[in-house]
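Before any comments, here is the structure.
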2 protein chains.
Amino acid sequence: MDALREFREISLGSRLNRMSDVMMKETQKVYTYYGIDFDPYLFPAFKIISLKNKTTNTEIRELLNVSQPAITQTLHKLLKKELININSDEIDKRKKIISLSDKGEKLLIKMIPIWNVIHETVEKLTTFPSENLVGHLSQLEDAFSEKSMSERVISNMKSSEHSEITIISFDEKYTEDFYNLNIEWLETFFYVESHDKVVLSNAKSYIIDKGGHIFFAKDGEHIVGTVALIKIEDGIFELSKMAVSPAFRGKKIGQKLMQHCISFSKEQNYTKLILYSNRKLENAIYIYEKYGFKEIPMEKDSPYERSNIKMELPLDS
Amino acid sequence: MDALREFREISLGSRLNRMSDVMMKETQKVYTYYGIDFDPYLFPAFKIISLKNKTTNTEIRELLNVSQPAITQTLHKLLKKELININSDEIDKRKKIISLSDKGEKLLIKMIPIWNVIHETVEKLTTFPSENLVGHLSQLEDAFSEKSMSERVISNMKSSEHSEITIISFDEKYTEDFYNLNIEWLETFFYVESHDKVVLSNAKSYIIDKGGHIFFAKDGEHIVGTVALIKIEDGIFELSKMAVSPAFRGKKIGQKLMQHCISFSKEQNYTKLILYSNRKLENAIYIYEKYGFKEIPMEKDSPYERSNIKMELPLDS
DNA sequence: TATATTTACATAAGTACTTATATAAACAAC
DNA sequence: GTTGTTTATATAAGTACTTATGTAAATATA
């Protein structure tokens, strides 16, 4: 017997509140299980700060539609946990500029895969056709009483840890994934130009039809990474458009894609791979070197504005 | 821009909380508009007390799945508003017996039609096919931002006040309404015997097929009241099974049903209507007298245990 | 029958929000 | 260029929950 269920729409407010409490508490259990000092209610603000890089109290408030003191309080708690930096704006001294601290960045990396699994878990439990909202709520409650949300998330985490990443070839149905992964990567490290959008949304005509290749890293049903081999001339290809989903970074997916490109190129008897990168991406360049790429001089009229290093890998073996 | 919407399932907990807050606040506005001193968060406990007649702290807790101190606190607030009585149980002195006070009963009568409209309003806004829970939530949010929940409820209240009650004849599709309305009535004023359930769930064979009639009061699409004329002998019928939905009491629906029965019987040239009632139902007896019924002696072997008064209305006119 | 355990409810303190209000800087108006 | 208004954030107090714990009666156990 559950009165809030019986009352249906008339007690929806109380029921949403109860459901919210359950989800918050269960998410807390997941963080505790993974030894993460973070509270679920901090998530929306923290997530926005990580996405925006630099933001303000007011901007967060507008995005979340909650009261301004709620944001001030949340920011103070994030500051106490040393997850953010709060600095006064030089120009407008009323404003406080909020950004992730180093500790915050590190915690973010740890939490992203957990958030990803939470998202997938809840998505799976709430995605089914229903004629009304209370029906959806009831099914979610039933699912959680059968096996709690935290248990579900933790067991899904375990299977996602063991899941194999497979590399597959281009298919038009993945055009959107190719676009999203690359745009996300560009937004994170550089800025997106309109030319990027044109190329990325027409991958087939710009890359495949010109003799190039695109590969995807697939985790279960999810496309989590991509890379392209763009044909420069016969036997010479540019390794480009490598991007990995933020939620899956740290799983060596980039290295798997790289290894696949090299093996593939050798099979095809290609003679050389080249790539353009930027010295600020130290980790990436370290990986390139690990796979045998060597720095060569940049041409004066480099095709990429954001690149300041060119590397090559001869494939004579 | 609404970040909680963009984050979808990952921020579902925070979003449910925000939605809950909105609904609670909007419901508060409705109560304030109608000059009712009541808080939305008190609803679940108050509703249970009104349904159960007598209950306890623990029983409410079990029905609502919240913490026990939450119930204790809610009950104290209801007591402070003088809406309930709290008495110690004579047998088990740990227990407190909770029941509605007279003031509570009066407030209940005022709130029932409002609850009814809130239910209908929210039901209408949340009943549509959707593939996932967040889709339902988004649509509800969109609806509320277009026109707030309180505004919707208040304008629906106004149109429901003006809505006409129509009387219709029996149709098998209303068998369940006939059953529910009568059972609710019996539970409120007497107790339900298994024989009642048999008769009420087989209205057609027990009443219609034996030459009787059943009428329903209809408000829009809702069946809100019923009455039966049971054939005793040619031209003599017993007026019985009159019941009105709690949400619609005070709208003279009983009187409309009564008037319809009398007009119908005259049209059919019936000679007499009789009825059995109980002296404790003072209001009902007052109405019967108003429509011309006069008390006559009960037969020794009365067909109803719960009746202690018999009345008749000659229809010679 | 004395003692331990369980049950029913109350109290205390904490939490994550809320509204109302304060403070100080920026901007607008005359 | 002073003054009033707006904007950005902080503080204070209240609320409706929570967990942890207390108290007293009922029940089980030895």
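Each chain gets a letter, A, B and so on, in the order its sequence line appears, and its residues count up from 1.
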A/Arg61 side chain to A/Ser67 main-chain N or O, any donor-acceptor pair under 3.5 Å? no
Assess, by modelled atom type and distance only, whether the side chains of B/Ser148 and B/Lys29 contain a donor and an acceptor separated by less than 3.5 Å. no
Heavy atoms within less than 4.0 Å of DNA chain C: which residues of residues 68-75 of chain A have one? Give them sorted by number. A/Pro69, A/Ala70, A/Gln73, A/Thr74
Take A/Glu59 and A/Asn17, find for each the nucleotide of DNA chain D with the closest heavy atom, and name the residue whose nucleotide sits nearer the 5' end. A/Glu59
I'd like a table of donor-acceptor pairs (distance under 3.5 Å, sequence neighbours excluded) in which one partner is a side-chain atom from residues 124-131 of chain A, with atom names and distances.
residue	atom	partner	partner atom	Å
A/Thr126	OG1	A/Val122	O	2.9
A/Thr127	OG1	A/Glu123	O	2.6
A/Ser130	OG	A/Asn132	N	3.3
A/Ser130	OG	A/Asn132	O	2.9

Between A/Ser138 (side chain) and A/Val134 (backbone), is there a donor-acceptor pair under 3.5 Å? yes
Ignoring hydrogens and angles, tell me if any N or O in the side chain of B/Asn278 forms a donor-acceptor pair with the backbone of B/Lys280 under 3.5 Å. yes
B/Glu141: partners by salt bridge (Lys or Arg N to Asp or Glu O under 4.0 Å), with sequence neighbours left out: B/Arg5, B/Arg15, B/Arg18
So if I take residues 28-40 of chain B and measure heavy-atom distances to DNA chain C, which residues fall below 4.0 Å? none
Keeping A/Thr121 on the side-chain end and A/Val117 on the backbone end, is there a donor-acceptor pair under 3.5 Å? yes
What distance separates B/Ile84 CD1 from B/Ser50 OG, expressed to the nearest 0.5 Å? 12.0 Å
Can you tell me how far CD1 of B/Ile10 sits from CD of A/Glu120, rounded to the nearest 0.5 angstrom? 10.0 Å
As a quick check of understanding, evaluate side chain to side chain donor-acceptor pair (under 3.5 Å) for B/Lys47 and A/Ser11, giving each step before the final call. CA-CA 10 Å; B/Lys47 172 89 175 170; A/Ser11 63; over 6 Å; no
Kindly check if the number of other-residue, nucleotide or ligand heavy atoms within 6.0 Å of NZ (A/Lys54) is above 12? no
Going by number, which of residues 49-57 of chain B have a non-hydrogen atom under 4.0 Å from DNA chain C? B/Thr56, B/Asn57
Describe the nucleic acid contact of B/Ser67 in one word from base, sugar-phosphate, nothing, applying a heavy-atom distance below 4.0 Å. base
Taking DNA chain D as the partner, which of residues 86-101 of chain A come within under 4.0 angstrom of it by heavy atom? A/Arg94, A/Lys95, A/Lys96
All side-chain hydrogen bond (donor to acceptor under 3.5 Å, both in side chains) counterparts of A/Lys80, not counting sequence neighbours: none
Tell me which pairs pass ring pair (Phe, Tyr, Trp, His ring centres under 6.0 Å) where either residue lies in residues 8-35 of chain A, with sequence neighbours left out. A/Tyr31-A/Phe38
Between the CG atom in A/Asn85 and the CD1 atom in A/Ile98, the distance rounded to the nearest 0.5 Å is 9.5 Å
Identify all side-chain donor-acceptor contacts of residues 101-114 of chain B below 3.5 Å with residues at least two apart in sequence or on another chain.
residue	atom	partner	partner atom	Å
B/Ser101	OG	B/Glu82	O	2.6
B/Ser101	OG	B/Leu83	O	3.1
B/Ser101	OG	B/Lys103	N	3.4
B/Ser101	OG	B/Gly104	N	3.0
B/Lys103	NZ	B/Lys81	O	3.2

Quick test of your reading: applying ring pair (Phe, Tyr, Trp, His ring centres under 6.0 Å), list the pairs with at least one residue in residues 72-120 of chain A, sequence neighbours left out, ordered by first then second residue. A/Phe43-A/Trp115
With heavy atoms of chain B within less than 4.0 Å as the criterion, where does contact along DNA chain C begin and end? C/dT7 to C/dT19
We want to know whether A/Thr72 and A/Gln68 form a side-chain donor-acceptor pair, criterion being a heavy-atom distance below 3.5 angstrom. yes
Stems formed with participation of DNA chain D [Watson-Crick or G-U wobble, under 3.5 Å, three or more pairs]: C:1-30 with D:1-30
